[in-house]
Structure formats: structure tokens, C-alpha cells
Amino acid sequence: MKPIASDRLTEMPDIITCLKKVQDRGFTDQFQAKGNYLYCLDNNRIYYPEDIIVVNYYRFEGPSNPDDMAILYAIATFDGRKGTLIDAYGYYACEEVGDFMIAVENIHKKMPTHNWQPVVPVE
């Protein structure tokens, strides 16, 4: 008898392995949430919710501890930058990251196409 899908174990990669794969695909910049914008550590620019697209995201859960939950966002910007933003997931999640991602989602729900605007360098 052939096993059905629920009989198979699926192994989720750890966050470091996934980060490496995402970086190999060109997502090499690092972002930080700062209030209502993302700060790019690699080019010292700020990006507002309308300036980015979340290309993909990956959620991770520790094998035995729910406190080990994390989320990795793969982000592309209007000016061609690609990078990542990592946050805890669940109880320890950063409120700034969560609020920013909600703003991104809300803007993209309203915009059928992207209306990119210039960004301002952070001094």
C-alpha cells in the first residue's frame, strides 16, 4: 500500500539554511524596521511601505520550544535592492516590524500596481 501524504514527515530547514538560500538568490541587503519605514543597513536609505514588495516569507518554529519561533522576509525595493528582515514570531515579535508589515499589506491591497516613489537617504 502506498503511503498517503499525511504519512510522510516533512523536514523544515532551519533559519540559517533558509537565509543562505535566499541570499544565494540575491537577497543580500539587511533591513531594520524603524517606526513607519525600513532602514537598509547596506545603503543607508529608508523605504516606506509603498516602496517595497515582500517577495516571500518563511516561518520557523523551534523543535521543542514555542519561544524559538521566527519569520524571515525576502524584500525587494523599488530601486532594485533585495534583502531580508528577520523577526521573532508570536509572543516575542517586534511591534515595529509587525506594524510595518501590516502597513505594507494594506497599501498593496489598495494598489493594483506599484506606484514607486523616490526614497530619502538617512543622514
Side-chain angles (χ1 to χ4, degrees):
M1 174 181 232
K2 287 186 174 181
I4 57 174
S6 61
D7 288 342
R8 298 179 189 171
L9 292 177
T10 304
E11 188 170 325
M12 185 168 59
D14 61 67
I15 194 166
I16 300 301
T17 302
C18 189
L19 180 60
K20 173 82 170 96
K21 287 181 182 181
V22 170
Q23 288 173 335
D24 289 346
R25 293 184 184 128
F27 292 85
T28 56
D29 288 352
Q30 294 179 26
F31 296 102
Q32 287 181 339
K34 303 272 190 176
N36 65 340
Y37 63 88
L38 282 186
Y39 172 69
C40 180
L41 298 169
D42 299 275
N43 70 357
N44 296 321
R45 288 192 166 206
I46 59 174
Y47 297 92
Y48 293 97
E50 61 270 14
D51 298 331
I52 73 152
I53 298 169
V54 177
V55 177
N56 209 341
Y57 66 92
Y58 309 88
R59 288 184 6 194
F60 301 90
E61 206 172 297
S64 62
N65 187 348
D67 293 344
D68 293 341
M69 296 189 308
I71 188 164
L72 166 66
Y73 296 97
I75 295 171
T77 67
F78 83 98
D79 59 355
R81 305 297 292 211
K82 294 190 329 185
T84 57
L85 173 66
I86 298 174
D87 189 23
Y89 192 80
Y91 183 77
Y92 294 106
C94 174
E95 192 172 330
E96 282 184 309
V97 173
D99 290 346
F100 183 82
M101 288 302 165
I102 288 170
V104 169
E105 181 179 357
N106 289 337
I107 283 180
H108 291 295
K109 283 180 183 176
K110 296 175 188 173
M111 292 179 9
T113 59
H114 300 287
N115 183 16
W116 296 119
Q117 298 176 10
V119 295
V120 180
V122 173
E123 293 139 16

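On a predicted model such as this, the values are computed, not experimentally measured, just so you know. Computed from heavy atoms alone, side chains included, the values below leave out hydrogens, waters and symmetry copies.
Contact annotation: the side chain of K34 never approaches that of I46 to less than 4.5 Å [non-hydrogen atoms, C-beta and beyond]. Here the side chains of M101 and L85 are in contact, with some heavy-atom distance below 4.5 Å. Between Q30 and D42, the closest side-chain pair of non-hydrogen atoms falls below 4.5 Å. Residues F60 and D14 have side chains not in contact (no heavy-atom distance under 4.5 Å, counting atoms from C-beta outward). Between V22 and Y58, the closest side-chain pair of non-hydrogen atoms falls below 4.5 Å. Between L72 and F27, every side-chain heavy-atom pair lies at or beyond the 4.5 Å cut-off. Using a 4.5 Å heavy-atom cutoff, the side chains of I86 and L19 are in contact. Taking the side chain as every heavy atom from C-beta outward, Y73 and V97 approach each other to under 4.5 Å.
With sequence neighbours excluded, no residue satisfies side-chain hydrogen bond (donor to acceptor under 3.5 Å, both in side chains) with K21. With sequence neighbours excluded, the residues satisfying salt bridge (Lys or Arg N to Asp or Glu O under 4.0 Å) with E105 are K109. The salt bridge (Lys or Arg N to Asp or Glu O under 4.0 Å) search around D29 returns R81, not counting sequence neighbours.
Looking at Y47 and D79, their side chains do bring a donor and an acceptor atom within 3.5 Å of each other. Using modelled atom types, one finds a donor on one side chain and an acceptor on the other under 3.5 Å when comparing Y39 with N44.
The hydrophobic clustering, which links ILVMFWY residues whose side-chain heavy atoms are closer than 4.5 Å, places I102 and Y92 apart.
Atom CG in D87 sits 10.5 Å away from atom OH in Y89 (nearest 0.5 Å). Separation of atoms CD1 (I52) and SG (C40) is listed at 11.5 Å; rounding is to 0.5 Å.
Across every non-hydrogen atom of I71 and A88, the tightest pair is CG2-O, 4.1 Å. Shortest non-hydrogen contact noted between K82 and R25 is NZ-O, 3.1 Å. Among all heavy-atom pairs drawn from F100 and Y37, the shortest one is CE1-CA, 3.6 Å. For the residue pair G35 and E96, the shortest heavy atom distance occurs at N-OE2, 2.8 Å.
A distance-only check finds no donor-acceptor pair linking the side chain of N106 to the backbone of A103 [under 3.5 Å].
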